[in-house]
Amino acid sequence: MSDSSMFVRVGKWIDYRMPIFTMMNHAVVIYRTPRNLNYWWNFGSLAGLVLVIQLATGIVLAMHYTPHVEMAFDSTEHIMRDVNYGWLLRYVHANGAAAFFAVVYIHIFRGLYYGSYREPRELLWWLGIFILLAMMATAFMGYVLPWGQMSFWAATVITNLFSAIPLVGTDIVEWMWGGFAVGNPTLQRFYSLHYLLPFVIVALVVLHLWALHRFGSNNPIGIETKGDKDTLPFHPYYTVKDLYGVGVFFIAFFAFVFFAPNYMGHPDNYIPADPLVTPSHIVPEWYFLPFYAILRSATFDVWFLSAKLIGVILMFASILILLALPWLDRSPVRSARFRPVYKYMFWILVTDSIILGIVGGKVPSDPVFSGTDGFQYVHLGQIATLYYFVHFVVFVPLLSRFEQTRPVPTSLSEPVLKSGAGGTA
Amino acid sequence: MGMELGLRTAVAATVLCLATGGVQAAGNAEHPLTEHWSFNGIFGHYDRAEAQRGLQVFLEICAQCHGAKYLRYGDLADLGYDEDQIDAIAAQFEVEDGPDDEGEMFMRAARPTDTFPEPYANEKAAAAMNNGKAPPDLSLMVKARHDGANYIYALMTGYDEPPEELELSDGLTYNPYFPSHQIAMPQPLWGEDVEYADGTETSIEQEARDVVTFLAWASEPGMERRKNMGLKVMLFVLIMTGLFYATKRKVWKDVH
Amino acid sequence: MTDNTAHGPDGEARRDFLYLTTAAVATVGTVAAVWPLIHQMNPARDVLALASTEVDLSAIEIGQSIKVMWRGKPVFVRHRTAEEIAEAKAVPLDDLRDPQPDGERVQKAQWLIMVGVCTHLGCIPLGDAGEYGGWFCPCHASHYDTSGRIRKGPAPENLLIPEYVFLDDTTVKIG
């Protein structure tokens with residue numbers, strides 16, 4: 001004890017009274033992790049990294065931004081032109097939002113493929129969906145802040161949706177606006193909430209990691225680990241692998257930030273907001289396009305439900321349906337690796353989601369194929385929306401009952417040691 | 001194995017869809033041609049000679065109607081002007097200052113710290129003097145339009161006789177590169193609008209090229225610094241990732 | 001830390017070298033990434049650009065002072081009387097906490113230009129006040145003389161002289 005360094009002695013003093021170092025050791029050093037994880041498991045840590053990047057850049061940007069309709073656009077240009085490294089902080093933050101969704105969508109699809117939402121990880125999955133919802137609210141409000149044309153009109157279109165709620169719709173919308181249209185009260189409260197929500201996300205992430213550590217990570221073959229022969233300590237194996245993933249991520253991320261910083265954005269947002277001029281096409285950022293497509297796919301009233309209301313319901317349902325997944329999927333097999341039909345359906349779902357994304361960015365009445373005027377993007381969107389729900393509500397439950405699954409290995413380490421390939425899908 | 005096949009399918013589907021869709025020019029505007037610009041590409045830079053000539057075109061022609069409120073005269077140092085030249089350029093323009101001790105606003109010569117003055121007192125005055133449409137500020141125009149540089153160049157050089165069938169609305173001019181083909185701005189460049197300080201021969205194409213380079217700089221003066229830093233960052237990150245990969249392989253060697 | 005089995009002394013050294021290099025590169029990267037987050041708080045380009053102010057001296061009578069804003073702070077511009085100048089020059093340097101001859105503090109003797117911020121804790125001193133014919137700071141009773149030098153009270157230094165240049169006899173550019 002007497003020849004431990006000062007650091008070690010102070011560390012032990014603190015840890016005895018508040019076991020933070022012991023906790024950190026258990027959480028990221030000795031924490032046992034399945035030995036057969038592939039690179040699709042890197043996206044969780046990447047999401048955490050992007051969250052930290054967004055928080056850091058967001059907090060310093062807030063030192064220079066002014067949340068008032070007369071000054072928001074100007075203060076954003078002030079950041080771009082005058083603030084030291086302001087252009088870099090802004091571009092990192094804007095492209096970081098896109099990166100956050102890219103990383104999280106892959107992370108979610110990983111979960112869908114390998115059955116990571118299955119018992120006993122239902123709550124982990126639910127927390128993840130709550131994080132996604134919080135991210136979407138945060139991103140939506142953040143996009144309004146520069147007060148460009150898209151900022152203003154996206155805010156107008158999306159908040160207007162809530163007027164579809166029967167009886168109280170208009171009151172709710174005026175309450176959200178703080179007025180009779182999107183205006184300064186709206187901008188200021190969006191700024192406040194945009195600053196707040198990321199910390200709610202942090203809290204949800206803490207809960208998400210806590211739930212994760214209860215049973216540990218799922219793995220590509222979907223069977224539970226049995227003891228130390230199936231696992232590795234998180235450090236150094238996965239710290240080092242996650243670091244490598246971070247490096248690859250940075251290559252892609254910085255390529256955008258430095259050489260194509262406005263590629264993901266819309267030029268109209270470099271035009272100051274004008275409540276009297278509507279842009280020819282109001283489009284959200286790419287990560288909202290699939291939901292936008294679902295929203296616009298409801299084109300006719302049904303009974304007492306207006307088309308607008310149906311669209312809103314479908315849009316939220318498309319995310320909320322994921323909450324039901326652990327109970328819709330009762331297959332005896334967890335991982336798609338041993339579910340040949342589900343695997344196929346998974347890739348169709350991915351394609352369907354991409355199609356929805358493309359539809360979201362198009363003019364609904366435009367024809368899909370230049371020859372045939374009858375088949376428009378809105379129709380393609382309706383088919384894709386229907387398919388999306390059919391996948392979860394029909395195919396998944398049916399497959400869980402009737403699918404002929406392939407034999408699942410009994411041990412984790414066996415196939416890894418035999419094949420020698422280990423980390424790849 | 002299944003992942004790969006599935007992935008290929010998804011990618012193929014996306015590419016197919018994107019290929020059939022294509023990027024539409026706004027409305028039914030004609031697609032501008034892709035010009036070669038000094039500021040494109042990872043080594044992009046603003047050609048100083050072009051930008052200086054472009055400033056001249058902007059100040060002598062465009063600034064009659066268009067503002068550039070995010071530019072300061074002092075910023076022009078970036079384009080290679082020295083302090084005296086900037087003072088001289090600024091002094092040609094007047095800005096409002098005040099109130100003085102009597103409470104009155106007054107006009108004075110612009111200084112390097114002043115932003116380019118607005119040509120009209122307010123938006124309504126601007127619209128009233130220009131066929132009902134206020135000429136937009138040009139500080140960000142290259143970023144505010146899809147394929148901005150090519151679009152503005154095409155617009156400047158694209159004024160032409162309207163086709164027989166087209167009925168021009170009152171006060172509008174024909175330009176195929178503008179959405180709806182009818183633009184409120186009458187042709188601004190005719191080919192001999194300025195006498196270049198550096199003696200370059202003028203033409204619509206030359207003036208358009210120069211003013212686009214100037215406007216590109218105006219939209220993003222820091223572009224060169226960004227790309228420069230980007231090259232260093234990319235190099236660093238590539239090396240760093242290589243090291244991370246080697247470390248990962250070493251650590252995992254005994255496990256595989 | 002790691003329990004990699006040794007592959008002989010040479011292999012081990014090579015492995016450690018890799019880890020060391022990787023850690024060093026990662027550290028450099030992190031520091032480089034953190035720098036913009038810190039530097040963004042330094043004065044921005046527009047603040048630095050507003051670094052100078054021009055003052056018209058023609059309206060200032062002898063014995064009169066005006067106050068102008070420069071870089072967010074007040075600057076006293078005083079048209080000194082002959083008595084004030086003489087008084088300032090007559091003070092022996094040994095009497096001064098912050099010794100500075102009057103000649104060093106002015107370019108033209110009749111124009112005293114100084115930053116009107118007390119060098120103690122930043123309050124604005126009052127003109128034509130105090131026991132030395134100059135300025136008096138009401139916060140903690142610092143007295144400045146007709147050259148703006150500290151004579152009595154807690155302030156450690158004379159009132160600061162900003163950078164300035166006479167553009168002509170009636171115009172001075174501060175900063």
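Letters A, B, ... mirror the listed sequences (proteins, then strands); counts begin at 1.
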Open item on the list: Atom CZ of residue position F375(A) - does it have more than 12 heavy atoms of other residues, nucleotides or ligands inside 6.0 Å?
Closed with: yes
Task: Residue I348(A) versus chain B: region with a heavy atom under 4.5 Å - done: neither
TODO: Flag the pair R72(B) and D82(A) as a salt bridge only when some basic side-chain nitrogen lies within less than 4.0 angstrom of an acidic carboxylate oxygen.
DONE: yes
- [ ] Examine R225(B) relative to Y85(A) and say whether NZ or CZ is less than 6.0 Å from the centre of the six-membered ring and inside a 45° cone about the ring axis.
- [x] yes
TODO: Walk me through it: do K241(A) and V251(B) pass the test side-chain contact (heavy atoms from CB on, under 4.5 Å)?
DONE: CA-CA 9 Å; K241(A) 194 172 180 187; V251(B) 166; over 6 Å; no
TODO: Could you tell me which portion of Y91(A) (side chain, backbone, both or neither) has an atom closer than 4.5 angstrom to a non-hydrogen atom of chain B?
DONE: side chain
Open item on the list: For A255(A), which atoms come within 4.5 Å of any heavy atom of chain B: side chain, backbone, both, or neither?
Closed with: both
TODO: State which residues pass salt bridge (Lys or Arg N to Asp or Glu O under 4.0 Å) with R110(A); sequence neighbours excluded, sorted by chain then number.
DONE: none
Task: Nearest-0.5 Å distance, CH2 of residue W87(A) to CE of residue M223(B) - done: 11.5 Å
Task: All side chain to side chain contact (heavy atoms under 4.5 Å, CB included) counterparts of N150(B), not counting sequence neighbours - done: P32(B), T34(B), E35(B), W37(B), D147(B)
Open item on the list: Quick one, S139(B) and E77(A) - any side-chain contact, counting heavy atoms below 4.5 Å?
Closed with: no
Open item on the list: Checking H78(A) against Y70(B) for the side-chain contact (heavy atoms from CB on, under 4.5 Å) test, could you report, in this order, the C-alpha distance in whole Å, the side-chain angles of both residues, the deciding distance, and whether it holds?
Closed with: CA-CA 8 Å; H78(A) 165 70; Y70(B) 296 115; over 6 Å; no
Open item on the list: Could you tell me if the side chain of E220(B) sits less than 4.5 Å from the side chain of N262(A), heavy atoms only?
Closed with: yes
Task: Structural part of V257(A) lying under 4.5 Å from a heavy atom of chain B - done: backbone
Open item on the list: Applying side chain to side chain contact (heavy atoms under 4.5 Å, CB included), can you list everything that pairs with H181(B), at least two apart in sequence or on another chain?
Closed with: N28(B), Y174(B)
TODO: Apply side-chain contact (heavy atoms from CB on, under 4.5 Å) to the pair M234(B) and F259(A), showing each step before the final yes or no.
DONE: CA-CA 10 Å; M234(B) 292 308 292; F259(A) 298 105; 3.7 Å; yes
Task: Test item: H146(B) and P267(A) side chains (from C-beta on) under 4.5 Å apart, heavy atoms - done: yes
Task: N/O donor-acceptor pair under 3.5 Å between W252(B) side chain and Y237(A) backbone - done: yes
Task: CG (L231(B)) with more than 12 external heavy atoms under 6.0 Å - done: yes
Task: Option that, when pairs with chain A are counted at under 4.5 Å, heavy atom only, ranks first among K69(B), K248(B), K143(B) - done: K143(B)
Task: Trace of the side-chain contact (heavy atoms from CB on, under 4.5 Å) decision for V255(B) with R35(A) - done: CA-CA 8 Å; V255(B) 173; R35(A) 57 170 48 224; 3.8 Å; yes
Task: Members of residues 237-245 of chain B whose heavy atoms come closer than 4.5 Å to chain A - done: V237(B), L238(B), M240(B), T241(B), F244(B), Y245(B)
Open item on the list: Side chains of R81(A) and L71(B), heavy atoms from C-beta outward: is any pair under 4.5 Å?
Closed with: yes
Open item on the list: If we define contacts as heavy-atom pairs under 4.5 Å, which of V363(A), N269(A), D74(A), L232(A) has the most with chain B?
Closed with: D74(A)
Open item on the list: Between F250(A), Y344(A), Y244(A), who has the most heavy-atom pairs with chain B when the cutoff is under 4.5 Å?
Closed with: Y244(A)
Task: Heavy-atom pair count under 4.5 Å with chain B, highest-scoring of I271(A), V248(A), V240(A) - done: V240(A)
